[in-house]
Amino acid sequence: MSQTVDRALSILPLLAEGPADLGQVADRLGVHKSTALRLLRTLHEHGLVYRQSDQRYRLGARLFALAQEAMENLDVREIAHPHLVRLNESCGHTVHLAVYEENEVLYIDKVESRYPVRMYSRIGKPVAITVAAVAKLLLADLPEHERRAVAEKLDYPTYTARSTPNAGAFLRELEKVREQGWATDLGGHEESINCVAAPIRGADGRVVAAMSVSAPNVVVTADELLTLLPLVRRTADAISGEYSGRTPVNYPA
C-alpha cells in the first residue's frame with residue numbers, strides 16, 4: 001500500500017511540470033502502463049488530476065482548491081510563536097512579529113525581554129512605519145510601483161536625528177533592504193533602542209510577516225545586537241519553512 005501511495009504522489013510533481021500522457025507517466029514511475037493508468041484514475045476520481053481531450057493528464061482543480069484552503073487556514077502567528085519564544089530564551093531580548101495590513105504594519109505577537117528595561121510596544125499597535133525594521137522588510141517586498149506609491153503618501157516624523165527624512169531616502173532604504181534580505185532600526189524611532197529584523201516568506205517567496213529582536217543601548221550596543229543577525233535569520237527561515245513547507249536555509253553562525 002505504501003508503495004502505491006508513493007507512486008501516486010510521485011505523479012503530481014511530474015504533472016506540475018506540464019501535461020503528460022500515460023506513457024510519460026509510466027516511464028517516470030518505472031511501471032507498466034496498466035499500473036500507471038490505475039493510479040491516474042484514482043487521482044482523477046479525487047479531482048487531483050484531470051484528463052484532457054488530447055488524452056494527456058494535468059493537475060486537477062481540486063488540488064489547487066485544497067492548496068488555497070490550506071494557505072487560508074495557516075496562522076503565521078501560531079506557527080511562529082514557539083520559534084519566537086526559543087529565540088527569546090536564547091538571547092533574552094524582546095522579540096516581535098509583525099504583518100502589513102491595510103496600509104499599516106501591526107505587531108501581532110511579542111515575547112518580552114528578560115531584562116528589567118522593557119519596551120512599550122503592544123500587540124495590535126501600528127509600528128512607526130518609516131523607521132521600524134519590520135516595516136522596512138514588509139514594504140520592501142511590495143512591487144516597485146506599490147512601494148513608491150506608499151512611500152509618497154507617508155509622513156516622515158523626526159523621531160530622532162536618525163529617522164528617515166523623506167520618501168526618497170525611504171525608497172533607497174527599502175531597495176537596500178530588498179537586496180540584502182534583512183533590516184535594522186538603529187535609533188531611528190528611539191535613540192536608545194536598536195532592532196534587527198528578518199522576513200518570513202510564504203510558499204511563493206513573498207514576505208508574509210517579519211520578525212525582529214530589539215534591545216536598549218543600556219543592555220547591548222548596536223554592534224552587539226547585530227551579531228545576533230544570523231540567529232534571527234535562521235529563526236525567520238525556520239518559521240518560513242514550517243509555514244510554506246519548504247526546507248529552511250542554514251545561515252552561517
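- Partners of Asp21 by side chain to side chain contact (heavy atoms under 4.5 Å, CB included), not counting sequence neighbours, listed by chain and number: Gln24, Arg56.
- One N or O on the side chain of Gln55 and one on the backbone of Ser53 form a donor-acceptor pair closer than 3.5 Å.
- In this structure, OG1 on Thr235 lies 4.5 Å from CG on Leu87, to the nearest 0.5 angstrom.
- Shown here are the side-chain hydrogen bond (donor to acceptor under 3.5 Å, both in side chains) partners of Glu191, two or more places apart in sequence or in another chain: there are none.
- For Thr42, the side chain to side chain contact (heavy atoms under 4.5 Å, CB included) partners are His46, not counting sequence neighbours.
- Inter-residue side-chain proximity for Val213 and Thr94 is flagged as unmet; no heavy-atom pair is nearer than 4.5 Å.
- Within the structure, the ring pair (Phe, Tyr, Trp, His ring centres under 6.0 Å) test picks out the following pairs touching residues 182-225 (sequence neighbours left out): Tyr159-His189.
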query = Can Leu97 and His81 be said to form a side chain to side chain contact (heavy atoms under 4.5 Å, CB included), step by step?
reply = CA-CA 9 Å; Leu97 180 70; His81 186 74; over 6 Å; no

Side-chain donor-acceptor pairs under 3.5 Å in residues 124-140, sequence neighbours left out?
unit_1	atom_1	unit_2	atom_2	d
Lys136	NZ	Glu173	OE2	3.4
Lys136	NZ	Thr184	O	2.8

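- Under the 4.5 Å side-chain heavy-atom criterion for Ile, Leu, Val, Met, Phe, Trp and Tyr, Val232 and Val99 are members of the same hydrophobic cluster.
- Side-chain atoms of Asp109 do not come within 3.5 Å of backbone N or O of Ile123 as any donor-acceptor pair.
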ask   = Given Ile239 and Leu84, is the side chain to side chain contact (heavy atoms under 4.5 Å, CB included) satisfied, shown in steps?
value = CA-CA 9 Å; Ile239 299 168; Leu84 304 184; 4.1 Å; yes

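- Under the ring pair (Phe, Tyr, Trp, His ring centres under 6.0 Å) criterion, no residue pair touches residues 19-40, with sequence neighbours excluded.
- Annotation: the span from Cys91 atom SG to Leu225 atom CG amounts to 8.0 Å, rounded to 0.5 Å.
- With contacts defined as side-chain heavy-atom distances shorter than 4.5 Å, the pair Leu48/Leu59 does not qualify.
- Qualifying side-chain hydrogen bond (donor to acceptor under 3.5 Å, both in side chains) partners for Arg28, counting only residues two or more places apart in sequence or in other chains: Glu17.
- The closest side-chain donor-acceptor pair between Ser121 and Lys110 falls under 3.5 angstrom.
- With sequence neighbours excluded, no residue forms a side-chain hydrogen bond (donor to acceptor under 3.5 Å, both in side chains) with Arg41.
- Side-chain atoms of Arg7 and Gln3, non-hydrogen and from C-beta on, do get closer than 4.5 Å to each other.
- A pairwise comparison of heavy atoms in Ser163 and Thr160 identifies OG-N, 2.8 Å as the closest pair.
- Residues Ala20 and Val25 share a closest heavy-atom pair of CB-CG2, 4.2 Å.
- In terms of hydrophobic clustering, with Ile, Leu, Val, Met, Phe, Trp and Tyr side chains grouped at heavy-atom distances under 4.5 Å, Val31 and Tyr57 are assigned to a common cluster.
- Side chain of Arg77 to backbone of Ile108: a donor-acceptor contact under 3.5 angstrom is found.
- Every pair passing side-chain hydrogen bond (donor to acceptor under 3.5 Å, both in side chains) that includes a residue from residues 204-217 is listed here, sequence neighbours excluded: Asp141-Arg206, Asn194-Asn217.
- When side chains are defined from C-beta on, Ile79 does not count as touching Asp75, because their heavy atoms never get closer than 4.5 Å.
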inquiry  = As a quick check of understanding, evaluate side chain to side chain contact (heavy atoms under 4.5 Å, CB included) for Ile11 and Leu39, giving each step before the final call.
reply    = CA-CA 9 Å; Ile11 293 173; Leu39 296 171; 3.8 Å; yes

request  = Apply the test side chain to side chain contact (heavy atoms under 4.5 Å, CB included) to residues Thr221 and Leu226: give CA-CA distance (whole Å), side-chain angles for both, the deciding distance (0.1 Å), then the verdict.
outcome  = CA-CA 9 Å; Thr221 66; Leu226 285 170; over 6 Å; no

When the side chains of residues 148-156 are checked against the rest of the protein, which donor-acceptor pairs come out under 3.5 Å, sequence neighbours left out?
unit_1	atom_1	unit_2	atom_2	d
Arg148	NE	Glu144	OE2	3.1
Arg148	NH2	Glu144	OE2	3.4
Tyr156	OH	Ala151	O	2.6

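- Residues Arg58 and Pro19 come closest through the heavy atom pair CB-CG, 4.3 Å.
- Residues passing the side-chain hydrogen bond (donor to acceptor under 3.5 Å, both in side chains) test with Arg147, sequence neighbours excluded: Glu175.
- For the residue pair Asn88 and Arg114, the shortest heavy atom distance occurs at O-NH2, 3.9 Å.
- Residue pairs meeting the ring pair (Phe, Tyr, Trp, His ring centres under 6.0 Å) criterion with at least one member in residues 91-113, sequence neighbours excluded, are His93-Tyr115, His96-Tyr107.
- To the nearest 0.5 Å, atom OG1 of residue Thr164 and atom CZ of residue Arg172 are 10.5 Å apart.
- Remark: the backbone N or O of Ala236 is paired with a side-chain donor or acceptor of Ser240 at under 3.5 angstrom.
- Residues Ile200 and Asp237 have side chains not in contact (no heavy-atom distance under 4.5 Å, counting atoms from C-beta outward).
- Considering only heavy atoms from C-beta on, Glu89 comes within 4.5 Å of Val85 through its side chain.
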